[in-house]
Amino acid sequence: MMAMPDAMYGGHSGVTSSDKPLEYRDPNQSVKILGFWLFLATDMLLFGCLFATYLVVRTHTDGGPTARSIFDIPGFTLETFFLLTSSFTGGLSTLAMRNGNKKALVSWLAVTIALGLAFIGLEVHEFIGDVAAGATWERSAFLSAFFTLVGTHGSHVTVGLVWMFLTLLQVAKRGITPITARKVFVVNLYWHFLDVVWVFIFTVVYLSGRVM
Amino acid sequence: MAVHSGVTREPGHKKHKATQYIVGYLRSLILTAVAFGPALTHTMRVGPLIVVLTILAGLQIVVQLYFFMHITEGDGPPFHALFLVLGLIFTFAIALMSVWIMGFPAFMAQVS
Amino acid sequence: MPSGFMQFADKYLMWKEGPMIWGSDVAILLVSIGIVFALTYFHKWKWLWREWITTVDHKKIGIMYLICALLMLFRGGADAELLRTQLAIPNNHFLSAEHYDQIFTTHGTIMILFMAMPFIFALFNIVVPLQIGARDVAFPYLNAISFWLFFFAAMLFNLSFVFGGSPDASWVSYPPLSELGFDPGPGENYYLLALQITGIGSIATGINFLATIFKMRAPGMKLMHMPLFTWSTVAACVVIIFAFPALAIAIALLTLDRIFGTHFFTILHGGNPMMFVNLFWVWGHPEVYIVVLPAFGVYSEVVATFARKRIFGYSSMVASLMLISVISYFVWAHHFFTMGAGADVNTFFAVASMLVGIPTGVKVFNWLFTMYRGRIRMTLPMLWTIAFVPCFAIGGATGIMLAAAPADYQYHNSYFLIAHFHQVLIGGVVFGMLAGMYYWWPKMFGFKLDERLGRWAFWFFNIGFYVCFMPQYALGFMGMQRRMYTYPADMGWNTLNLISTIGAYIMAIGFVFIVIQVLYSVKYGERDLTGDPWDGRTLEWSLPSPAPHYNFAVIPTVTSRDVWWELKEQGRTDELKPKAEDIKPIHMPKNSARPFLMGLAFFVAGFGFVFDLLWLGFLGLAGVVACLIARALEYNDDYHIPVHEVVETEATLGRLG
């Protein structure tokens with residue numbers, strides 16, 4: 001049991017109770033988790049606006065490359081598979097954290113990072129191919145919106161990778177404490193969120209682009 | 001605040017199981033396959049297909065939120081869930097209403 | 001002088017533009033030298049660094065926001081006076097057309113983003129933790145980042161005036177006018193980058209205060225026990241976190257268009273300028289509710305305190321705040337009814353716009369019913385609150401006129417609109433912020449602002465306001481359009497314009513009185529020794545003024561709404577005085593220089609992108625990333641104040657029970 005002189009600089013005297021998951025047990029950490037959920041809500045809006053822009057200028061190709069002509073089915077299918085799987089392995093790292101299994105936690109984080117890297121690699125490859133084929137974001141409003149929407153997601157994933165790596169280092173160094181537990185939980189929240197955004201990208205951009 | 005004892009903990013407590021995560025992963029794979037299938041094989045008309053795809057994507061949100069992100073857990077009242085739902089409403093509102101506004105519906109009706 | 005320097009001076013320092021620029025250069029130089037000299041002479045550098053720049057204390061951050069807001073009110077006000085001087089008589093050439101465009105752009109942008117926003121953040125910071133019985137906000141470090149992002153964004157924006165040229169495509173910056181082809185100077189980039197940076201800070205503040213209010217209330221304080229200012233903060237923050245991303249995207253895409261050659265809003269290559277307008281107002285309309293909701297919170301506190309009554313209809317007040325924050329999200333298209341999206345779109349948004357009037361009306365009636373049969377004390381906060389009611393009622397009524405889509409085709413972008421939104425933004429927001437400033441000033445600084453000088457300021461400002469803006473409604477009906485640089489003499493607008501300008505000058509006198517009042521009161525203002533100078537109702541008045549940096553030695557337990565008032569009524573105020581044996585070590589966040597450095601890095605990045613110096617831009621961003629990584633690796637950022645220190649402080653304050 002933790003000694004509690006005074007809950008936190010807030011007045012909220014959270015009761016430490018062991019039937020809560022580890023990351024929520026220390027009120028200092030649980031407030032950060034709430035803060036992060038709120039951040040995800042705003043980030044969702046950020047993507048919402050990018051989706052809105054994409055939907056509005058989707059057909060504004062100005063005689064240039066169209067969605068049907070540049071979207072590569074095996075490419076985005078594989079990307080999807082990698083990201084969905086990495087969301088699963090990220091989940092397994094949370095599980096390992098809750099079970100206090102540091103070794104498994106570090107391994108699952110590493111696997112998640114590897115899958116994320118594969119995803120980013122494929123996306124960069126796809127973008128390079130598009131640009132080589134003359135589909136640059138200066139070409140048309142459609143391409144501007146496509147690269148910005150998918151690229152924003154990609155840069156979020158990149159940030160997530162760096163962040164997850166930093167988290168991994170800290171877990172390796174300090175073990176599973178209320179603080180590192182919260183860090184693991186939060187970085188995974190971010191990761192699952194990016195997975196959801198990707199689901200909408202393959203639905204709204206890639207699949208719809210192929211059929212319409 | 002807590003003086004952290006910094007221990008690796010959880011001895012003697014119920015072990016958390018992987019089942020939930022496996023179920024979640026399988027569901028997300030199935031939902032994805034169901035979406036990719038008709039979209040890439042052109043077995044459905046475009047209008048209904050878009051509706052189906054959107055519903056499937058919506059279900060994926062639920063899968064991630066429930067199975068992976070543990071939206072139902074937390075410390076105290078579920079404010080995070082409240083804000084997430086509100087955010088979702090606003091997100092869809094912006095996307096759909098922007099399409100509606102920027103489609104110049106009245107103008108398009110006249111030309112067609 | 002060497003010709004290279006002269007070219008630089010002409011291009012970037014704009015020295016050929018005349019005395020206004022020279023004057024500003026000299027003024028900036030003198031003020032900077034003065035500040036540096038004073039800090040050195042009084043050995044205050046260390047003090048500045050330790051007590052202010054690296055602070056994470058919400059009270060100090062609040063004070064810094066307040067100072068910036070007042071300075072920006074001065075800058076935006078000076079812009080307004082220049083604009084009105086230009087319009088005082090027909091065919092005037094006091095300003096050149098270019099300067100006129102720049103000045104109305106900076107006036108609008110500064111007043112909304114660099115005056116109103118920091119003003120509400122000042123009050124959030126100063127009041128909310130004290131009202132809910134917390135020792136700081138949920139994320140003090142993030143709070144400092146928010147402030148420094150705002151600060152450096154404001155610096156960047158104001159720098160444009162003397163370095164490179166101000167933005168001149170108006171505060172809404174619609175493309176294609178604001179695209180590179182039509183507006184090649186760096187001014188528009190300044191606008192985009194500064195708004196982007198301050199917007200990030202605002203979102204962080206929104207998250208911070210929601211987490212604070214939902215997680216850090218004193219034990220026993222249920223949601224429906226919270227003071228109404230705290231509730232209004234919730235409502236405003238909800239709108240902030242959901243609306244600001246839209247601004248971020250709108251201006252990010254325009255920045256991409258201008259710097260990286262994309263085609264979101266250009267006419268060429270399939271871009272759609274109207275999409276910018278759409279996204280801008282997805283943020284822009286909720287934004288006016290963001291700034292007015294906290295003002296509503298102030299009015300609720302002030303009315304209850306100075307009528308010495310419980311607020312009438314507390315639950316309906318809370319419900320209306322929440323309703324406003326949600327409905328305000330569905331009204332954005334009323335800013336571009338004339339775009340021609342069609343009758344169905346316009347009808348939807350017209351009806352939604354009128355709906356917002358209902359909860360707002362409920363609130364106005366509740367304030368009036370609270371005053372009814374109250375023992376009203378006409379203090380400065382109360383005066384501004386009473387002045388707000390008719391002003392906002394007129395502004396609201398003209399708002400309903402504008403919300404009627406078919407009629408809007410007549411009013412759109414005329415001076416009728418100008419008069420309307422100044423009436424709600426000044427009558428609603430500025431009056432509210434001033435009321436809040438007067439009300440909580442003793443809590444911040446330990447003395448009251450002088451009542452007599454304040455009354456002079458009040459009457460000048462209010463009379464000036466009506467003289468300035470009432471004629472503008474008529475001018476709108478007579479066909480005068482907004483953003484007109486000058487007008488011919490035979491339009492019949494001359495007299496009304498002259499009257500309006502005189503009104504603007506009277507308001508300026510009011511502002512000068514506020515400045516004198518502050519300076520005078522620093523020395524002669526009535527000292528607040530009790531901590532409760534107004535006979536207040538909520539927890540912040542149970543603390544000494546100014547509050548010790550840990551706020552509450554012992555966190556109080558709350559059992560009802562208006563808890564401080566209840567305790568006073570029952571003669572139980574001593575219960576809130578800490579007893580030495582109850583005091584435990586207090587957990588507090590550590591100071592950090594990183595928020596300041598991060599703001600600086602953002603400033604460097606912003607400056608780089610403004611001048612297309614991509615290397616500098618990315619260098620600045622690398623600095624930002626370095627700060628983020630350092631933070632991600634941080635493990636402990638807190639410390640404990642030992643018991644004896646708290647006991648000593650409380651004993652000095654004479655509060656030990």
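Reminder, nothing fancy here: chain letters follow the sequence lines and each chain counts from 1.
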(message) Contact between A/T89 and B/Y21 at the side-chain level, heavy atoms closer than 4.5 Å - yes or no?
(response)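 They are not in contact (no side-chain heavy atoms under 4.5 Å apart), so the answer is no.
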Which answer fits [X], side chain, backbone, both or neither, if we ask what part of it has an atom under 4.5 Å from a heavy atom of chain A?
X	answer
B/L84	both
B/F92	side chain
B/M102	side chain
B/L40	side chain
B/I71	both
B/L56	neither
B/L88	both

Per-residue contact mode, [X] against chain B (heavy atom under 4.5 angstrom):
X	answer
A/F193	both
A/L38	side chain
A/L189	both
A/L84	both
A/N188	neither
A/T77	both
A/S87	both

Looking at [options], which has the largest count of heavy-atom pairs under 4.5 Å with chain A?
options	answer
B/L86, B/V99, B/T91	B/T91
B/F79, B/F83, B/F90, B/F68	B/F68
B/G74, B/A95, B/A93	B/G74

(message) By the side chain to side chain donor-acceptor pair (under 3.5 Å) test, which pairs, at least two apart or in different chains, include something from residues 41-51 of chain B?
(response)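 As it turns out, the side chain to side chain donor-acceptor pair (under 3.5 Å) pairs with a partner in residues 41-51 of chain B, which skip direct neighbours, are B/T41-B/T43.
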(request) Only one of A/F39, A/F36, A/W37 passes ring-ring contact (aromatic ring centres under 6.0 Å, His included) with B/H80; say which it is. (result)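 Only match with B/H80 under ring-ring contact (aromatic ring centres under 6.0 Å, His included): A/W37.
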(message) I'd like to know which of A/F200, A/F81, A/F88 tops the heavy-atom pair count under 4.5 Å against chain B.
(response)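 Of the options given, most contacts go to A/F88.
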(request) Of all the heavy-atom pairs spanning A/S208 and B/L53, show the shortest one and how long it is. (result)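 Result for this residue pair: OG-CD1, 4.3 Å.
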